[in-house]
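These notes are about the structure you will find just below.
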Amino acid sequence: MSAPRIVLLGPPGAGKGTQADRLADLYGVPHIATGDILRDNVRAGTALGEKAQQFMEAGELVPDDLVTDMLRDRLADGDARAGFLLDGFPRTVPQAQSLERILDDLDRRLHGVILFEIDDREIIQRITGRRVCDTCAAIFNADDERRQCGRHDDLTVDECEGTLFQRADDTEKVVRNRLEVYERETAPLVDFYRQRGLLRSVDAEGPVDEVTARTTDAVDGLVTAPAGDVP
Ligand code: AP5
């Protein structure tokens with residue numbers, strides 16, 4: 001089976017980042033999360049980070065051109081040549097159209113799009129309880145109660161000593177705005193990809209392991225489907 005080239009689509013808190021981390025390990029492809037790249041830029045105080053910060057903290061989308069340029073550069077990196085898991089991109093129809101052009105230029109095609117389906121009530125609970133490592137971006141839950149990351153990214157690096165923090169956009173007020181922005185700007189991508197025969201839905205509720213099992217089934221189905229034959 002070839003390395004997957006997959007988009008993970010779904011509302012904030014659906015579990016895209018959690019599942020992408022696991023799938024990246026399973027399939028040996030990079031997890032490319034535009035939210036993580038933007039947060040790194042904000043922390044590093046780059047020009048891009050300064051432009052993006054106010055949009056992110058309000059739960060609004062960063063302008064398409066900024067994010068698309070950033071993603072184009074990332075997809076050109078060698079580790080993304082064979083496959084990738086895109087988490088948080090595309091988020092608007094113009095971004096999806098740009099992605100088609102970027103992949104065409106690189107002579108690659110998307111295997112498909114996984115849509116994570118989840119109830120709004122569960123989303124608010126998950127997001128307000130999320131904690132993230134400031135060093136390796138690993139995702140935890142507040143119930144975990146630890147303050148240090150301690151995760152082994154792989155066997156060649158030492159245990160991560162990052163500190164867990166709550167994202168500035170993870171308050172209930174900002175999450176509600178992010179959900180409205182999702183409905184308005186991102187939900188139209190469901191039809192965009194369904195019309196292209198590239199969409200598979202996955203139930204994102206229930207234990208993380210069960211969601212991973214459903215997601216890998218869907219990814220395997222997309223990657224092995226003959227081109228143009230994806231339900
Ligand atoms: P981004 O970082 O992409 O945030 P998001 O899409 O809103 O998604 P989240 O990261 O909030 O959720 P997730 O689905 O990854 O859930 P997770 O796995 O963490 O974007 C942030 C901002 O950046 C945007 O608002 C925008 O400003 C900007 N941006 C980014 N990309 C952009 C783009 N392309 N264009 C324009 N602007 C862009 O899980 C959430 C919690 O639930 C965790 O605590 C986790 O432990 C828990 N959890 C996960 N799965 C389960 C489960 N099965 N059961 C119980 N708990 C679970």
Side-chain angles (χ1 to χ4, degrees), residues 7-24 31-42 48-49 51-72 74-75 85-96 98-99 102 114-133 137-146 151 164-172 174-187 189 202-215:
V7 166
L8 302 180
L9 184 65
K16 303 180 296 294
T18 302
Q19 295 302 328
D21 273 347
R22 292 171 153 227
L23 298 179
H31 165 196
I32 300 178
T34 43
D36 287 346
I37 303 175
L38 287 167
R39 278 184 289 279
D40 286 346
N41 275 275
V42 170
L48 170 61
K51 286 181 194 150
Q53 186 168 16
Q54 55 172 327
F55 295 102
M56 296 176 77
E57 288 183 357
E60 297 293 329
L61 294 184
V62 175
D64 283 342
D65 54 337
L66 297 179
V67 188
T68 301
D69 287 349
M70 181 182 93
L71 198 270
R72 182 183 294 109
R74 181 63 185 90
L75 282 180
L85 295 156
L86 283 188
D87 160 13
F89 189 99
R91 252 184 161 93
T92 63
V93 170
Q95 287 184 18
S98 297
L99 178 61
I102 292 169
I114 305 284
L115 171 65
F116 286 120
E117 296 190 307
I118 181 171
D119 187 78
D120 278 6
R121 216 166 15 91
E122 169 81 8
I123 287 176
I124 306 274
Q125 210 174 350
R126 282 189 189 182
I127 292 201
T128 51
R130 172 170 47 198
R131 298 294 179 270
V132 183
C133 173
I139 302 161
F140 297 88
N141 198 287
D143 292 345
D144 199 332
E145 285 183 355
R146 72 176 109 171
R151 184 180 118 141
L164 303 188
F165 74 103
Q166 183 171 32
R167 278 169 43 176
D169 60 347
D170 275 356
T171 60
E172 183 165 343
V174 178
V175 174
R176 289 197 185 279
N177 188 43
R178 286 161 63 195
L179 286 170
E180 282 179 27
V181 169
Y182 177 81
E183 281 307 317
R184 191 174 66 239
E185 305 284 350
T186 309
L189 292 179
V202 165
D203 176 2
E205 299 201 27
V208 174
D209 286 348
E210 287 180 18
V211 181
T212 303
R214 291 195 282 270
T215 308

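Every number for a ligand or one of its atoms is a count from 1 in the order of the listing.
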Validation row: Lys16, Leu86 side chains within 4.5 angstrom (heavy atoms): no

Flag if over 12 foreign heavy atoms under 6.0 Å of CZ, Arg121: no

Ligand 1 contact by Gln19, heavy-atom criterion under 4.0 angstrom: no

Gln166 side chain to Thr128 backbone, donor-acceptor under 3.5 Å: yes

Sub-4.0 Å heavy-atom approach of Pro63 to ligand 1: no

Side chain, backbone, both or neither: the part of Val67 lying under 4.0 Å from ligand 1 by heavy atom: side chain

Salt bridge flag under 4.0 Å for residues Arg178 and Asp170: yes

Flag for Thr212-Arg22: side-chain donor and acceptor within less than 3.5 Å: yes

Ligand 1 contact on Val62 by region, counting heavy-atom pairs under 4.0 Å: both

Which residue and heavy atom of the protein sit nearest atom 23 (O) of ligand 1, plus the separation: Met56 CE, 3.4 Å

Sub-3.5 Å N/O-N/O distance, Glu122 and ligand 1: no

Validation row: Ile114, Leu9 side chains within 4.5 angstrom (heavy atoms): no

Region of Phe140 that comes within reach of ligand 1 [heavy atoms, distance under 4.0 Å]: backbone

Distance filter under 4.0 Å to Asn141 heavy atoms, resulting ligand 1 atoms: 44 (O)

Check: Phe55 and Leu38 side chains under 4.5 Å, non-hydrogen atoms: no

Heavy-atom donor-acceptor pair, Asp21 side chain to Ala138 backbone, under 3.5 Å: no

Glu210 and Arg214, any side-chain heavy atoms less than 4.5 Å apart: yes

Gly13 N/O to ligand 1 N/O under 3.5 Å: yes

Under 4.0 Å to a heavy atom of Gln95 - the qualifying atoms of ligand 1, by number: 33 (C), 34 (N), 35 (N), 36 (C)

Closest protein heavy atom (residue, atom, distance) for atom 18 (O) of ligand 1: Thr18 OG1, 2.6 Å

4.5 Å side-chain heavy-atom contact, Glu117 and Val202: no

For atom 16 (O) of ligand 1, closest protein heavy-atom neighbour: Gly15 N, 3.2 Å

Closest protein heavy atom (residue, atom, distance) for atom 7 (O) of ligand 1: Arg178 NH2, 2.7 Å

From Gln53, Arg22, Arg91 - option closest to atom 5 (P) of ligand 1 by heavy atom: Arg91

Sub-4.0 Å heavy-atom approach of Arg39 to ligand 1: yes

Per-atom contacts of ligand 1 with Gly17, taking only distances under 4.0 Å to non-hydrogen atoms: 13 (P), 15 (O), 18 (O)

Shortest protein contact, atom 29 (N) of ligand 1 (heavy atom only): Leu38 CD1, 3.5 Å

Element-labelled atoms of ligand 1 that are located less than 4.0 Å from some non-hydrogen atom of Thr34: 30 (C), 31 (N), 32 (C), 34 (N)

Short N or O distance, Gly88 and ligand 1, threshold 3.5 Å exclusive: yes

Heavy atom of the protein closest to atom 53 (N) of ligand 1 (residue, atom name, distance): Gly206 O, 2.8 Å

Residues, nucleotides or ligands: over 12 heavy atoms within 6.0 Å of Gln125 CD: no

Closest approach of any protein heavy atom to atom 25 (O) of ligand 1, naming residue and atom: Glu60 O, 4.0 Å

Arg91 side chain vs Gly88 backbone, donor-acceptor pair below 3.5 Å: yes

Sidechain N-carboxylate O distance under 4.0 Å for Arg176, Glu180: no

Residue pair Val93 / Leu189, side-chain heavy-atom distance below 4.5 Å: yes

Part of Asp64 within contact of ligand 1 (heavy atoms, under 4.0 Å): neither

Sub-4.0 Å heavy-atom approach of Ala14 to ligand 1: yes

Atom indices of ligand 1, in the order listed, that fall short of 4.0 Å to a heavy atom of Ile139: 18 (O), 19 (O), 43 (C), 45 (C), 46 (O)

Taking atom 19 (O) of ligand 1 as the reference point, the nearest protein heavy atom with its distance: Arg130 NH1, 2.5 Å

Asp169, portion touching ligand 1 at heavy-atom distance under 4.0 Å: side chain

Shortest non-hydrogen contact between Gly17 and Ile139, atoms and distance: C-CD1, 3.5 Å

Side chain proximity check, Val174 to Glu57, heavy atoms < 4.5 angstrom: no

Option set Arg131, Glu185, Lys16, Arg126, criterion heavy-atom distance to atom 54 (N) of ligand 1, minimum: Arg126

